[in-house]
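Reminder, nothing fancy here: chain letters follow the sequence lines and each chain counts from 1. All of these numbers come straight from a predicted model, not from anything done at the bench.
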Protein chains: 2
Amino acid sequence: MAKMTEPEQEPEQRSGPGAGGRTPRERYRAQVRAEIKGHAWEQIATAGASALSLNAIAKRMGMSGPALYRYFASRDELITELIRDAYRGLADTLGAAAGSGADVAGLAQAIRGWALEDPQRYLLIYGTPVPGYHAPDDITGIARGIMATLLDAYAALPAGEERTPFERSFESYLAEHRQWAGDHPAEPPALRRALAGWTRIHGVLSLELSGHFAGMGIDPAQLFAAELDALLTG
Amino acid sequence: MAKMTEPEQEPEQRSGPGAGGRTPRERYRAQVRAEIKGHAWEQIATAGASALSLNAIAKRMGMSGPALYRYFASRDELITELIRDAYRGLADTLGAAAGSGADVAGLAQAIRGWALEDPQRYLLIYGTPVPGYHAPDDITGIARGIMATLLDAYAALPAGEERTPFERSFESYLAEHRQWAGDHPAEPPALRRALAGWTRIHGVLSLELSGHFAGMGIDPAQLFAAELDALLTG
DNA sequence: GATGTGGGTTAGAACTTCTCACGAACACGA
DNA sequence: TCGTGTTCGTGAGAAGTTCTAACCCACATC
């Protein structure tokens with residue numbers, strides 16, 4: 001490919017207003033990219049990320065193979081872009097829920113709803129990673145924002161009962177290792193509960209999305225609600 | 001990833017004694033199959049299951065491409081076989097731990113140790129699944145055995161304090177939906193705690209193996225221990 | 001209107017899984 | 001000891017994949 005100078009920084013460069021992009025070329029480019037991503041999501045939802053084929057997307061769009069490389073430098077770059085969009089989507093729905101006054105339970109249900117919309121999308125960001133892969137920095141930034149939204153909700157929770165000695169010791173550990181929380185002013189108990197909430201929600205959600213409850217005759221929603229209850233009363 | 005054919009019933013048919021296979025041919029075949037699987041595990045550990053290449057394995061073994069199809073009908077069958085072996089391995093280490101008198105905490109640490117030995121191996125059975133895939137029946141049987149071992153440990157736990165109304169209601173739900181536990185005679189509270197233990201352990205373990213704690217500055221072992229403590233005291 | 005950039009094409013290299021037809025080595029029974 | 005038949009390994013090849021290279025053409029801008 002030609003020079004392309006910089007990371008290509010999304011077609012809607014530093015231009016004018018919000019959305020579409022300025023020049024007709026930019027608008028066209030953005031639209032084609034969006035269409036490519038649409039087909040990619042379709043493929044991922046039905047056959048998994050490993051089955052994503054640029055060639056198949058091109059064919060389905062009526063153009064021939066290498067044309068897609070004008071829009072994405074490689075298959076990996078497309079997938080990275082999809083991961084970015086997935087993170088953004090989760091952050092947005094979580095932000096919207098928080099903006100509507102959702103508490104911890106509301107946020108948890110928002111996460112589950114978003115995940116059930118497209119299981120492979122959730123698993124694309126929280127499922128099996130490719131060993132070598134490292135997400136770009138902006139993606140970890142979005143992930144940090146998600147954690148911040150969760151932390152807000154947990155910090156707003158009533159102070160809860162007394163804690164076990166182990167919990168206290170773990171909280172003091174977290175008080176000294178809170179870089180993951182950025183500069184969030186949450187108290188150590190909130191840090192601990194947010195972390196546990198994250199891992200537990202992910203635990204049952206991940207097993208649900210992977211179909212491990214399917215043959216067990218258990219309603220995942222019941223299990224999810226039970227974990228949520230334990231999280232709030234424990 | 002498509003059909004996954006049938007279980008293929010292992011070449012060491014209904015022959016004689018236990019292990020190696022009787023005739024020299026059978027022994028040779030079993031040894032080649034094992035070597036193939038060894039290289040496959042190596043590839044999976046370093047590049048993930050989606051990067052597994054039969055051709056590369058054949059080349060590394062000094063034979064040419066299609067020869068491997070004498071031993072595995074397809075790439076999918078090889079992967080299924082690896083999944084089966086992974087399940088068996090986990091069941092074995094869990095059984096060994098239980099046989100050595102490990103309690104719930106011991107079993108949990110055994111699971112984590114086994115997972116950390118080869119993260120991709122754990123993620124092969126509990127990570128992102130291929131949408132169409134259904135494991136053969138014998139595999140779900142092994143998975144049921146794993147749950148049985150866990151249930152044994154949870155059933156041996158002291159009865160614990162009183163439970164919240166929600167927990168009681170969830171336990172009565174489980175009492176009516178206990179087919180996943182087979183005919184295990186565990187009490188409903190043990191069912192509930194075993195289920196929660198499974199999902200929580202998987203939650204922190206899966207996020208650890210996927211590297212989500214790496215950039216957060218948190219020691220996964222601490223978090224794992226904290227969850228384990230909450231599981232036992234809660 | 002010339003010029004240059006960006007979009008699209010075909011050709012092709014280097015892979016992949018997997019089928020087929022052939023040859024050779026082996027085990028076994030006559 | 002000599003067939004006979006099963007099994008193993010081969011090379012060829014079909015149908016995919018990602019991705020590069022060269023070329024054309026249309027559009028935009030100067």
Novice: Please check the phosphate of dA28(D) (OP1 and OP2 only) for any side-chain N or O of Tyr28(A) closer than 4.0 Å.
Specialist: no
Novice: Got a sec, which residues hit side-chain contact (heavy atoms from CB on, under 4.5 Å) with Pro220(B), two or more places apart in sequence or on another chain?
Specialist: Arg112(B), Glu208(B), Phe213(B)
Novice: Check the distance between dC19(D)'s P and Glu77(A)'s CD and give it to me in whole angstrom.
Specialist: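 Glu77(A) atom CD is separated from dC19(D) atom P by 10 Å.
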Novice: What is the distance from CE of Met63(A) to C1' of dG7(C), rounded to the nearest Å?
Specialist: 9 Å
Novice: Give me the atom names and distance for the closest heavy-atom approach of Pro131(A) to Ile44(B).
Specialist: CG-O, 4.5 Å
Novice: For the pair made of CG in Leu68(A) and P in dT18(D), what is the distance, rounded to whole Å?
Specialist: 9 Å
Novice: From CD of Glu26(A) over to P of dC27(D), roughly how many Å is that when rounded to an integer?
Specialist: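 Atom CD in Glu26(A) sits about 18 Å away from atom P in dC27(D).
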Novice: Across nucleotides 10-24 of chain C, 5' to 3', mark each nucleotide with B, S or - according to how protein heavy atoms within less than 4.0 Å reach it.
Specialist: BB----SBBB-----
Novice: For Phe72(A), which contact category applies under a 4.0 Å heavy-atom criterion: base, sugar-phosphate, or nothing?
Specialist: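 Contact class for Phe72(A): none.
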Novice: Only pairs at least two apart or in different chains count here, so list each side chain to side chain donor-acceptor pair (under 3.5 Å) that has a residue in residues 138-148 of chain A.
Specialist: Arg84(A)-Asp138(A)
Novice: According to side-chain hydrogen bond (donor to acceptor under 3.5 Å, both in side chains), who are the partners of His39(B), at least two apart in sequence or on a separate chain?
Specialist: none
Novice: List the residues meeting side-chain hydrogen bond (donor to acceptor under 3.5 Å, both in side chains) with Arg193(A), not counting sequence neighbours, and say none if there are none.
Specialist: none
Novice: In chain order, what residues pass the side-chain contact (heavy atoms from CB on, under 4.5 Å) check against Ala86(B), with sequence neighbours excluded?
Specialist: Trp41(B), Trp114(B), Arg121(B), Ile125(B)
Novice: Using side-chain contact (heavy atoms from CB on, under 4.5 Å) as the criterion, list what pairs up with Gln222(B), not counting sequence neighbours.
Specialist: Phe170(A), Tyr173(A), Asp219(B)
Novice: Counting primed atoms plus P, OP1 and OP2 as sugar-phosphate and everything else as base, spell out the protein contacts along nucleotides 25-30 of chain C at 4.0 Å heavy-atom distance: B, S or - for each nucleotide, 5' to 3'.
Specialist: ------
Novice: Tell me every residue that passes side-chain contact (heavy atoms from CB on, under 4.5 Å) with Ser50(B), counting only those two or more places apart in sequence or in another chain.
Specialist: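 Residues passing side-chain contact (heavy atoms from CB on, under 4.5 Å) with Ser50(B): Ser50(A).
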Novice: Rounded off to whole Å, could you give me the CD1-to-C1' distance for the Ile57(A) and dC19(D) pair?
Specialist: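 Those two atoms, CD1 and C1', are 15 Å apart.
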